[in-house]
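Chain letters run A, B, ... following the sequence lines, proteins first, then strands; residues in each count from 1.
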Number of protein chains: 2
Amino acid sequence: MDKSQDALVLLRQIIRATDLHDKHLSRMTGLTMPQLLTMQTLRINGPLTIGMLAKEMNLAQATVTSILDRLERKNLVRRERSHTDKRKVLACPTDEGLELLKSAPATLQDTFIRQFEDMHDWEQSMIVAALEHVSHILGAHHLDAAPMLDIGALDRTNESGIPDYLKSEQNSLKN
Amino acid sequence: MDKSQDALVLLRQIIRATDLHDKHLSRMTGLTMPQLLTMQTLRINGPLTIGMLAKEMNLAQATVTSILDRLERKNLVRRERSHTDKRKVLACPTDEGLELLKSAPATLQDTFIRQFEDMHDWEQSMIVAALEHVSHILGAHHLDAAPMLDIGALDRTNESGIPDYLKSEQNSLKN
DNA sequence: TTCAGTATTTTGTAATGCAAAGCAATCTAT
DNA sequence: ATAGATTGCTTTGCATTACAAAATACTGAA
């Protein structure tokens with residue numbers, strides 16, 4: 001009958017699955033979730049200033065500073081001052097840090113991609129279309145998101161328009 | 001071309017949107033995210049023992065105890081010892097607690113349901129089918145999920161089978 | 001009664017998370 | 001040039017999470 005209930009339950013299942021996978025990864029790597037999120041964000045985006053990192057992760061700068069302190073102590077991240085603007089500090093993942101992520105158990109998106117690509121072309125299209133629909137309904141199509149499921153937050157708003165509880169500023173990318 | 005990348009980006013957008021909405025709700029209600037999650041869990045499930053609550057939220061019992069301490073101090077939750085088994089303590093949302101949730105801004109699922117029900121029947125079916133597919137791929141179809149998006153975690157594993165990083169015990173429901 | 005098991009709280013420690021204050025570098029307008 | 005505003009990060013102080021291990025309280029069975 002009520003397809004909207006069905007859809008909501010399925011969405012919750014999906015979100016929950018990624019959440020549980022995150023916690024699993026966290027245990028495997030010995031990092032806390034915020035630390036893991038930080039590493040993943042750096043892996044995807046490359047070196048970032050602390051401010052950009054904080055914006056990406058939707059956290060206060062002070063919070064990111066203390067997370068980086070611990071990651072640096074573990075030699076997973078290195079801080080490097082920008083040459084062009086010495087106020088800025090770049091957080092760079094170390095080789096050891098990247099290695100840790102690589103050695104982590106098969107990521108959820110690996111599983112997803114493998115099974116997704118086994119599907120018929122029309123099935124793939126149907127799923128993408130449906131997800132687009134849902135994303136639009138939730139006002140999520142504005143959000144800049146990396147193609148990875150593992151950890152639960154990249155940030156950034158683009159356009160105007162839809163739900164207003166996302167009002168971060170535009171970002172200028174230049175270190 | 002690469003539809004799997006598209007699908008992953010869309011999924012991340014969706015997950016991210018619910019996360020941002022959670023943080024928004026958190027600010028509006030003046031509760032932290034774990035506190036909000038606790039209240040929502042109680043709203044959905046009704047009074048629960050501390051142990052059940054912890055299992056639902058995928059947290060340690062000790063953690064839930066301290067969260068409840070603060071919610072109780074705010075008069076949003078009341079503790080009540082079970083009569084039949086005096087070891088057990090039931091966490092009951094107070095009227096004030098339920099009121100707080102009700103006065104919260106329009107929930108994400110309200111938006112979702114409203115727009116979803118405006119769609120054609122075949123579109124609804126397509127979306128549900130696609131979500132089922134995705135849920136299955138992620139091994140999420142086992143997860144017991146309430147039909148609500150607002151806050152990011154209800155727990156519980158059912159069957160055997162798929163991804164093994166969800167190994168909570170079976171739950172016996174009787175206070 | 002005694003004892004193993006169950007349910008919760010207490011204790012102790014580490015990590016988040018943030019606002020506000022502090023500092024250093026840069027920019028802007030004089 | 002240079003005072004004042006701004007930007008970018010860290011420090012400080014505080015409240016909250018989060019969890020393991022120990023302590024407490026109750027139950028049910030031998």
Side-chain angles (χ1 to χ4, degrees), chain A residues 19 22-23 26-27 29-39 47-74 76-77 79-91 151-153 155 169-175, chain B residues 19 22-23 26-27 29-39 47-74 76-77 79-91 151-153 155 169-175:
Chain A
D19 188 52
D22 287 344
K23 290 203 176 171
S26 161
R27 277 190 295 275
T29 57
L31 298 180
T32 65
M33 299 253 301
Q35 290 169 5
L36 192 50
L37 170 58
T38 303
M39 294 304 298
L48 286 177
T49 66
I50 315 299
M52 284 304 300
L53 242 186
K55 204 175 285 184
E56 288 285 322
M57 300 198 297
N58 208 32
L59 291 176
Q61 217 168 48
T63 305
V64 174
T65 290
S66 79
I67 294 172
L68 282 179
D69 288 343
R70 284 178 283 274
L71 286 176
E72 205 170 22
R73 211 180 309 137
K74 297 185 199 190
L76 302 176
V77 156
R79 270 187 245 237
E80 196 172 320
R81 291 208 96 86
S82 165
H83 292 294
T84 67
D85 184 344
K86 287 204 279 270
R87 289 171 302 182
K88 297 184 178 176
V89 175
L90 294 199
I151 248 303
D155 203 354
E169 304 81 33
Q170 216 63 356
N171 31 26
S172 60
L173 246 316
K174 49 177 70 173
N175 63 331
Chain B
D19 187 51
D22 287 344
K23 291 202 176 172
S26 161
R27 277 191 295 276
T29 56
L31 298 180
T32 65
M33 299 252 301
Q35 288 169 7
L36 192 50
L37 170 58
T38 303
M39 292 305 298
L48 287 177
T49 66
I50 315 299
M52 283 305 297
L53 243 186
K55 204 174 287 187
E56 287 285 323
M57 300 199 295
N58 208 32
L59 292 175
Q61 218 167 47
T63 304
V64 174
T65 290
S66 79
I67 293 172
L68 282 179
D69 288 343
R70 283 177 286 274
L71 286 176
E72 205 169 24
R73 209 180 311 138
K74 298 184 200 192
L76 302 176
V77 156
R79 272 187 244 238
E80 197 171 319
R81 289 211 97 87
S82 165
H83 292 294
T84 65
D85 183 344
K86 285 205 280 267
R87 291 170 301 180
K88 297 183 179 177
V89 175
L90 294 198
I151 250 301
D155 203 354
E169 302 81 33
Q170 217 63 356
N171 31 25
S172 59
L173 247 315
K174 46 177 72 172
N175 63 334

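Spacing between atom CZ of A:Arg73 and atom C1' of C:dA15 amounts to 10 Å, rounded to whole angstrom units. Put simply, CG on A:Leu90 is 12 Å from C1' on D:dC9, counting in whole angstrom units. Atom pair A:Arg27:CZ and D:dA18:C1' shows a separation of 13 Å (rounding to whole Å applied). The interatomic distance linking B:Glu80 (CD) with C:dT8 (C1') rounds to 16 Å, in whole Å. If you measure from atom NZ of A:Lys88 to atom C1' of C:dT26, you get 10 Å, rounded to the nearest angstrom. For the pair B:Lys55 NZ and C:dT8 P, the computed distance is 10 Å after rounding to whole Å. Atom pair A:Gln61:CD and D:dT10:P shows a separation of 8 Å (rounding to whole Å applied). Taking atom CG on A:Leu37 and atom P on C:dA15, their separation rounds to 17 Å, with Å as the unit.
Remark: A:Thr65 OG1 to A:Arg79 CZ distance equals 6.0 Å, nearest 0.5 Å. If you take OG1 on B:Thr49 and CD on B:Glu56, they are separated by 9.5 Å, rounding to the nearest 0.5 Å. With rounding to the nearest 0.5 Å, the separation of CZ in A:Arg27 from CG in A:Leu36 is 12.0 Å.
Both B:Asp69 and A:Gln35 sit near DNA chain C, but only B:Asp69 has its closest nucleotide nearer the 5' end. Along DNA chain C, the nucleotide closest to B:Val89 and the one closest to A:His83 are compared, and the more 5′ of them pairs with B:Val89.
In this model, the phosphate group of D:dG8 is not approached by any side-chain N or O of A:Thr49 to a distance below 4.0 Å at OP1 or OP2. Within the 4.0 Å cut-off from OP1 or OP2 of D:dT10, at least one side-chain nitrogen or oxygen of A:Arg79 is found. Residue A:Thr65 has a polar side-chain atom (N or O) positioned under 4.0 Å from OP1 or OP2 of D:dT10.
A search for side-chain hydrogen bond (donor to acceptor under 3.5 Å, both in side chains) contacts involving B:Lys74 returns B:Gln35, not counting sequence neighbours.
Counting heavy atoms from C-beta outward, A:Met33 and A:Asp19 have side chains that approach closer than 4.5 Å. Side-chain atoms of A:Leu59 and A:Ile67, non-hydrogen and from C-beta on, do get closer than 4.5 Å to each other.
Relative to the side chain of B:Arg70, the nucleotides D:dT16, D:dC9, C:dT8 differ in distance, and D:dT16 lies closest.
Between the A:Gln61 side chain and the A:Ala54 main chain, no donor and acceptor come within less than 3.5 Å of each other.
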How does protein reach along nucleotides 17-25 of chain C, written 5' to 3' as B (base within reach of a heavy atom under 4.0 Å), S (only sugar-phosphate), or - (no contact)?
-> BBB-----B
